[in-house]
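Structure first, commentary second.
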Amino acid sequence: MTELSGGAALPQERRVVTAIPGPKSLELQARRLNAVAGGVGSVLPVFTTRAGGGVIEDVDGNSLIDFGSGIAVTSVGASAEAVVRRASAQLADFTHTCFMVTPYEGYVEVCEQLAELTPGDHAKKSALFNSGAEAVENAVKIARAYTKRQAVVVFDHGYHGRTNLTMALTAKNMPYKHGFGPFAPEVYRVPVAYGYRWPTGPENCGPEAAAQAIDQITKQVGAENVAAIIIEPVLGEGGFIEPAKGFLPAIVKFANDNGIVFVADEIQSGFCRTGQWFACEDEGIVPDLITTAKGIAGGLPLAAVTGRAEIMDAAHPGGLGGTYGGNPVACAGALGAIETMRELDLNAKAKRIEEVMKGRLAAMQEKFGIIGDIRGRGAMIAIELVKDPVTKEPNPEAAGALAKACHAEGVLVLTCGTYGNVLRFLPPLVIGEDLLNEGLDIIEAGFAKL
Ligand SMILES: *Cc1c(COP(=O)(O)O)cnc(C)c1O
């Protein structure tokens with residue numbers, strides 16, 4: 001595994017040598033609390049010195065198994081050889097010109113790669129940005145310019161970012177929106193096919209939820225007023241909800257029939273995370289626009305909107321962009337990350353991670369009644385914890401306690417979900433299978449202790 005990560009000597013092992021966080025991390029945390037705004041949180045305040053492959057090393061000499069990938073970002077590892085090599089070379093050549101002032105090849109090459117890798121063989125173009133939220137905002141601008149309509153439809157449990165427009169698109173109040181309004185207008189939220197919690201059961205969920213969503217759009221908004229429908233093909237922050245079978249195709253058909261731009265937000269689910277280049281491929285969906293970020297550049301900040309050339313070209317020259325969008329170092333990182341994904345066949349690796357994780361988690365579900373649901377695809381897997389499998393009452397306390405127990409043992413896991421009761425696993429796709437299993441052992445021991 002070590003050869004996959006830069007920082008060549010970084011041992012691929014879990015090592016707990018102090019309490020977690022250890023004394024040096026606690027010291028840094030005290031400084032941080034003095035200097036860093038309280039609104040910026042950290043899941044686990046261990047201060048990082050090196051990371052790569054499947055581990056994160058901290059200032060106290062601990063080595064944590066990484067089941068978070070910096071929120072689905074470092075899919076190729078946090079110091080992937082090709083990313084480090086290409087970004088370092090670019091850094092030495094030039095750091096910035098602003099693509100809107102004098103362009104450079106790396107930006108064009110990333111857009112060419114995006115055209116090749118995203119679903120559909122129609123003519124495609126891309127624009128590059130710095131963050132996922134910025135990509136989603138720009139997808140809305142482009143869709144509005146193309147359709148000359150204003151309304152945007154989003155879904156229950158959806159997450160699209162923290163800027164003003166994307167806060168409006170995001171479903172969950174706390175912590176993302178609370179106290180930060182007023183929010184952007186012309187945003188409408190409709191039901192999503194959340195199979196586990198659908199009143200008539202998961203089998204009926206896809207078609208029923210699609211009918212409800214479409215009914216609300218036509219009755220409350222008017223299809224002819226809708227510029228874009230935006231959805232995550234696997235909902236991320238909302239709890240790794242896979243819309244029940246049939247839901248996405250029905251929504252896509254409705255969008256196509258009504259001249260609405262269908263936007264797949266693949267910021268979390270894209271770039272091999274779910275065992276496909278993009279999660280929407282699993283139901284044969286070809287989005288009009290697709291937003292990407294997170295996994296795209298091996299940890300460097302980059303985001304993109306990619307889509308049908310005629311839609312992408314609807315915005316007037318100068319209408320899209322930003323000072324840093326498609327920074328040359330980030331583009332070099334993206335080309336290195338994409339090279340790594342192809343060379344190591346990280347889609348296959350993600351599918352293998354799913355096989356290992358789902359097998360182990362299913363065995364845990366038999367033993368521990370509080371695992372209500374196991375879901376997700378590839379290396380985007382989650383368990384939803386409940387107080388009782390019959391009532392399905394959410395159990396955020398158990399999720400919090402389990403995450404804490406894992407952290408203490410040197411396994412970094414994250415929680416998510418509208419009810420805060422979902423443990424999510426997003427290991428780097430290059431993690432070794434021994435580390436993956438060791439992480440799962442710790443999770444199992446955590447359940448046993450609950
Ligand atoms: C993380 C995320 C965003 C926002 O990306 P940032 O880079 O944090 O702005 C948007 N959509 C989805 C689905 C995400 O997971």
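Counting convention: from 1, in listed order, for ligands and their atoms alike.
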Does an N or O anywhere in [X] fall below 3.5 Å from an N or O of ligand 1?
X	value
A293	no
V136	no
Q268	yes

Protein contact of [atom] - nearest heavy atom, named by residue and atom, plus distance:
atom	value
atom 5 (O) of ligand 1	G132 CA, 3.2 Å
atom 11 (N) of ligand 1	D265 OD2, 2.8 Å
atom 13 (C) of ligand 1	E232 OE1, 3.3 Å
atom 4 (C) of ligand 1	A133 N, 3.6 Å

Item checked: ligand 1 atoms in contact with Y159 (distance to a heavy atom under 4.0 Å) -> 1 (C), 2 (C), 3 (C), 11 (N), 12 (C), 13 (C), 14 (C)
Is any NZ, NE, NH1 or NH2 atom of the basic residue among [X] and [Y] found under 4.0 Å from an Asp or Glu carboxylate oxygen of the other?
X	Y	value
E433	R352	yes
R342	E116	yes
K351	E355	no

Note to self: Tell me whether atom 15 (O) of ligand 1 lies less than 4.0 Å from at least one protein heavy-atom position.
What the structure shows: yes
Check: How does S131 reach ligand 1, if at all, at less than 4.0 Å between non-hydrogen atoms: by side chain, backbone, both, or neither?
Finding: both
Check: Using a heavy-atom cut-off of under 4.0 Å, does the side chain or the backbone of K294 touch ligand 1, or both, or neither?
Finding: side chain
Next item on the list: To the nearest 0.5 angstrom, please state how far the CZ atom of R85 sits from the OG1 atom of T340.
Entry: 8.0 Å
Next item on the list: State which residues pass salt bridge (Lys or Arg N to Asp or Glu O under 4.0 Å) with E208; sequence neighbours excluded, sorted by chain then number.
Entry: none
Next item on the list: Tell me, please, which residues at least two apart from D345 pass salt bridge (Lys or Arg N to Asp or Glu O under 4.0 Å).
Entry: none
Next item on the list: Using modelled atom types only, decide if a donor and an acceptor are shared between the side chain of R189 and the backbone of D156 within a distance under 3.5 Å.
Entry: no
Next item on the list: Please say which of R424, R197, K392 ends up in a salt bridge (Lys or Arg N to Asp or Glu O under 4.0 Å) with E384.
Entry: R197
